Participant: 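Pasting in a structure now, in structure tokens, and then I'll have a few things to ask.
Here, residue 1 is the first one in the sequence, and each next residue gets the next number. This is a predicted model, so every value here is computed, not measured.
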Amino acid sequence: MGSTAVRDERGDDRAVGGDAPGPVTVEQLLARQGGATGRRAARRTGEVPIPLEPGESLPSHRGPKPPVPGTAAAPPAAAPPSAAPEEPRRGLPPVPAAPAGVQYSRPVPPLPGTPPKGVRRPASVTPPAGVQHSRPVPPLPGTPPAGTHWSTPVPPLPGTPAAGVQYSRPVPPLPGRPAHPPIPGLDGPAMSGAGSTRRPVAPRPPRSPGRRRLVRAAVALGVLFGLVVGYHAGLYAYVDRSIARVAALAPEGPEVIAPQLQDGSTTYLVVGTDLPGTDGPASVTTLLVHVAADEQRAVLVSVPPTAWVDTPACRTDDGAAREPVSEAFAASLLAGGPSCMVRAVQQLSGLRVDHYLAVDLGRLPAMVDAVGGVSVCLPTAGPADAASAAPLPAGTSELTGAQVGRYLAPGDAGSDVTGVAAAERTQLLLSATLRSAMTVGTLANTYDLTRFLTRSAGALTVDEQTTLGDLRTLASALGDLEGDAVQRASLPVAQVGYVPAGSDQAYVLLDGAATRTLFDDVIEDSTVPAELATPVAAAATAPADPAAAETPAADPATAPEQAPASPAAQPLTVAPAAVTVDVLNGTATSGLASTVGDLLRQQGFAVGQVGNERGTVNQTVVRHGPGVVEQARTVAAAVPGAVLQPSDAIGDTVQLVLGPGYTGVVPVQVPPAPAPAVAAAPAPETPAAPSTTAAPATPVSC
């Protein structure tokens, strides 16, 4: 079988005038590749040589390369005239002739002075004159040679250490320990048998029905306890945010005296506003509560609302500056605001006010109804009770909200000129309300506690630093401290009805020297001078037990038996001639004590000291010691409207203190004693025997 002819892949010879060669067989191609001519041509041109037949030569278009510019070109060799025309060559088909008018571009010659492509300039060759070539710029140190590109560093794989970091190898497990600890819930205990090191866990027995009920009850109680605690915490936060707060304190005021002595103690300024049945300065009640550093003693000082005081420069509620002014004490609050009242108190007393608390007394009845009523106890019917629109009998009384409102309201217009009686009633009712709110019954009743706290939040105004914990301390001072641990005092009054120049209003003029003595003792040792102290005439008590709710004091039919309306309601036993009385003037009327002393002498009384009262009274009182009760009753019978007031500070002395409402002196009739009683009893002990049976005049124990 013959070989298949293959077209010659060499250039077309027709471009130089030759004919197309014939086809070349595979055997001929293999024979040509083995020739020496083909190998030399391949080394010279870099092309794959095609074997030539014997006698063949390269075509004319593969002649020598063009000359280098700037050199003389060699003349082309002339063809021998006797050369015979070439025969058609075999190989690739000829290139078609170019169309008419088309000229192909010749190869672009190299630039002058540059070697041909692929030829390197020898080091000895110099460029032409005037031509300077720059030398190759050596690469910068650390940079790759020209034409070399280094790849960017490959970042380490996630989880592999960085370059230069070596991690320690895993520590082999201790002998006898597993290589990996068991995972709870996934790795079960090893089965017993060969190679097992653990015992199988015995199945837990099912819980009994009683135990399941106990667990469910415990869970329910825990959830309920959490809800209660969370509710009370939220209620505490709500009340704390609902209470109105004002910028009232001025602890660095220059009017504070000896601040280093007041570091341990705490002073509260308690202000009652909107007193029922009043308006203007009379609607404000003020009480200073000074608690000692050990919180075991407290001093309560009431300030008359119409006292003539000097208010220093202060800031009003709207931030405006207020100039110093002399005014009624209550006007510092009504015209200036809480900050001005605090500065007025500090100017008057020298005490540093640590907390400010204002109570809207118009909302106090609603607070009382929220705790189910309050309980108060009156040892005797004192001046504060007598000045009320609805006086209470001596003993324990249960009051509702409506009764509290009537008891707060003052009675006659002249019954409480200085406002001390209203301040005492306010303190009594606030103490009773706070004590009732702190009982276990109220704290355990979520509904009552919520009502009380929400109503209290709307009625209270405090300074920015006061918290509910501070109010709890105040409640303890007002309600928990009893007996000698609490001392009361009212500011000594020099004149009632003082009308300053250029004014048409009457004020209460304080005794400056006695006031300074009072507050100096309070600052030094949290006490009140004995001559200025007033007895505590009422006390707040805990709510009465349901079994003892019906007391004789609450029965209107028996109230006159326990608290007679007048000291002369019972027969008198001591004649005026056996009574020595001191007459003191507690009003602004000059010479009134001397006038009344003369009238008493006309009625047969022995008159002792005649002078002015250092304290304040709201009405005429007969102050007496514990052993002269009957003598005091005789004096009170001679002065209509006088009220008995027991006192342990004056000994066995009877004092008639003239106050607002005095009308005059009347004759006293003492009935003769029965004959059997006179014969049976020794003569010296006859006046003292009936005093042991005078139950209505004896103070009730609270």
Participant: Decide yes or no on side chain to side chain contact (heavy atoms under 4.5 Å, CB included) for L364 and L408, but give the supporting numbers first.
Facilitator: CA-CA 10 Å; L364 185 59; L408 277 175; 3.9 Å; yes

Participant: Do you see a donor-acceptor pair shorter than 3.5 Å between the side chains of S526 and H290?
Facilitator: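 Indeed, the side chains of S526 and H290 share at least one donor-acceptor pair under 3.5 Å.
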
Participant: Could you give the distance from CG (L491) to CG (L348), rounded to the nearest 0.5 Å?
Facilitator: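 Output value for this atom pair is 6.0 Å.
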
Participant: Atom CG in L361, atom CZ in R425: separation rounded to 0.5 Å?
Facilitator: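 Here the rounded value is 10.5 Å.
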
Participant: Do any N or O atoms from the side chain of E524 and from the backbone of D521 form a donor-acceptor pair under 3.5 angstrom?
Facilitator: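 Checking the backbone N and O of D521 against the side chain of E524, no donor-acceptor pair under 3.5 Å is found.
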
Participant: Give the intermediate values and the outcome of side chain to side chain contact (heavy atoms under 4.5 Å, CB included) for residues T286 and L269.
Facilitator: CA-CA 7 Å; T286 307; L269 176 58; 3.6 Å; yes

Participant: Donor-acceptor check, side chain of S332 to backbone of A328, threshold 3.5 angstrom: yes or no?
Facilitator: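 Here the side-chain-to-backbone pair does not exist.
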
Participant: Using the rule given for side chain to side chain contact (heavy atoms under 4.5 Å, CB included), can you reason through V643 versus V622, listing the C-alpha separation, both sets of side-chain angles and the distance that settles it, and then say yes or no?
Facilitator: CA-CA 6 Å; V643 178; V622 178; over 6 Å; no

Participant: Tell me the closest heavy-atom pair linking T306 and P281, and the distance in Å.
Facilitator: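 Shortest heavy-atom contact: CG2-CB, 4.3 Å.
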
Participant: Return the OG to CG distance between S436 and L399, rounded to the nearest 0.5 Å.
Facilitator: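 Output value for this atom pair is 10.0 Å.
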
Participant: Are any non-hydrogen side-chain atoms of T267 and V291 less than 4.5 angstrom apart?
Facilitator: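 T267 does not reach V291 side chain to side chain.
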
Participant: Check each of L584, L600, V665 against L656 using the side chain to side chain contact (heavy atoms under 4.5 Å, CB included) test, and report the only one that passes.
Facilitator: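 In the set L584, L600, V665, the residue that makes a side chain to side chain contact (heavy atoms under 4.5 Å, CB included) with L656 is L600.
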
Participant: Judged by atom type as modelled, is there a donor-acceptor pair below 3.5 Å linking the side chain of E327 to the main-chain atoms of V309?
Facilitator: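 Checked: no pair found.
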
Participant: May I ask you to test the L428-Y407 pair for a side-chain heavy-atom distance under 4.5 Å?
Facilitator: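 SC-SC contact between L428 and Y407 confirmed.
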
Participant: Is any side-chain heavy atom of L392 closer than 4.5 Å to a side-chain heavy atom of V376?
Facilitator: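 They are in side-chain contact.
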
Participant: Could you check whether any side-chain heavy atom of Q655 comes within less than 4.5 Å of a side-chain heavy atom of V581, counting everything from C-beta outward?
Facilitator: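 No, side chains not in contact.
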
Participant: Would you say that V299 contacts T527 through its side chain, given a criterion of any heavy-atom pair below 4.5 Å between the two side chains?
Facilitator: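 Counting from C-beta outward, V299 and T527 never come under 4.5 Å.
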
Participant: On a heavy-atom basis, which atom in T266 and which in D354 lie closest, and how many Å separate them?
Facilitator: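 The answer is CA-OD2, 3.3 Å.
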
Participant: Apply the test side chain to side chain contact (heavy atoms under 4.5 Å, CB included) to residues R488 and E424: give CA-CA distance (whole Å), side-chain angles for both, the deciding distance (0.1 Å), then the verdict.
Facilitator: CA-CA 9 Å; R488 285 191 58 92; E424 185 174 344; 3.7 Å; yes

Participant: Nearest 0.5 Å, please: how far is CD in E398 from OG in S375?
Facilitator: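 Spacing of OG (S375) from CD (E398) equals 4.0 Å.
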
Participant: Output the distance between atom OG1 (T517) and atom CG (L532), rounded to the nearest 0.5 Å.
Facilitator: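 Between T517 OG1 and L532 CG, I get 7.5 Å after rounding to 0.5 Å.
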
Participant: Would you name the heavy atoms of R297 and D525 that are closest together and state the gap between them?
Facilitator: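 Result for this residue pair: NH1-O, 2.9 Å.
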
Participant: Donor-acceptor pair, distance only, cut-off 3.5 Å: does the side chain of D274 make one with the backbone of D360?
Facilitator: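 It does not hold such a pair.
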
Participant: Could you check if a side-chain atom of Y356 sits within less than 4.5 angstrom of a side-chain atom of V271, using non-hydrogen atoms only?
Facilitator: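 Y356 vs V271: side chains touch.
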
Participant: Does R352 come within less than 4.0 Å of E255, counting only side-chain N to carboxylate O?
Facilitator: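 No, R352 and E255 are not salt-bridged.
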
Participant: Classify the ring geometry of Y268 against H355: parallel below 30°, tilted from 30° to 60°, perpendicular beyond 60°.
Facilitator: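 Rings of Y268 and H355: parallel, under 30°.
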
Participant: If you take all heavy atoms of V284 and A330, which pair is closest and at what distance?
Facilitator: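 Of all heavy-atom pairs spanning V284 and A330, the closest is CB-CB, 3.9 Å.
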
Participant: Considering non-hydrogen atoms only, spot the tightest contact between A282 and L275 and give its length.
Facilitator: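 Heavy atoms of A282 and L275 come nearest at O-CD2, 3.8 Å.
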
Participant: Are side-chain heavy atoms of P338 and L333 found at a separation under 4.5 Å?
Facilitator: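 Result yes, sub-4.5 Å side-chain heavy-atom pair found.
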
Participant: Minimum heavy-atom separation for S647 and R623, please, with both atom names.
Facilitator: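 The answer is CB-CG, 3.7 Å.
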
Participant: In terms of heavy-atom contacts, does CG of D652 have more than 12 from other residues, nucleotides or ligands at under 6.0 Å?
Facilitator: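 It does: D652 CG has more than 12 such atoms within range.
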
Participant: Main chain of G350, side chain of Q262: is a donor-acceptor contact present, judged purely on distance under 3.5 Å?
Facilitator: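 Answer holds: yes.
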
Participant: Got a second to check how far D310's CG is from S326's OG, nearest 0.5 Å?
Facilitator: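 One gets 3.5 Å once the value is rounded to the nearest 0.5 Å.
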
Participant: Is a side-chain N or O of R516 found less than 3.5 angstrom from the main chain of S349, in a donor-acceptor match?
Facilitator: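 Yes; at least one donor-acceptor contact below 3.5 Å.
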
Participant: Any donor and acceptor pair, going by atom type alone, linking the side chain of D582 with main-chain N or O of Q609 inside 3.5 Å?
Facilitator: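 Yes, D582 side chain to Q609 backbone: donor-acceptor pair under 3.5 Å.
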
Participant: Do T634 and F605 have side chains that approach each other closer than 4.5 Å (heavy atoms only, starting at C-beta)?
Facilitator: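 When only atoms from C-beta onward are counted, F605 and T634 do touch, with a gap below 4.5 Å.
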
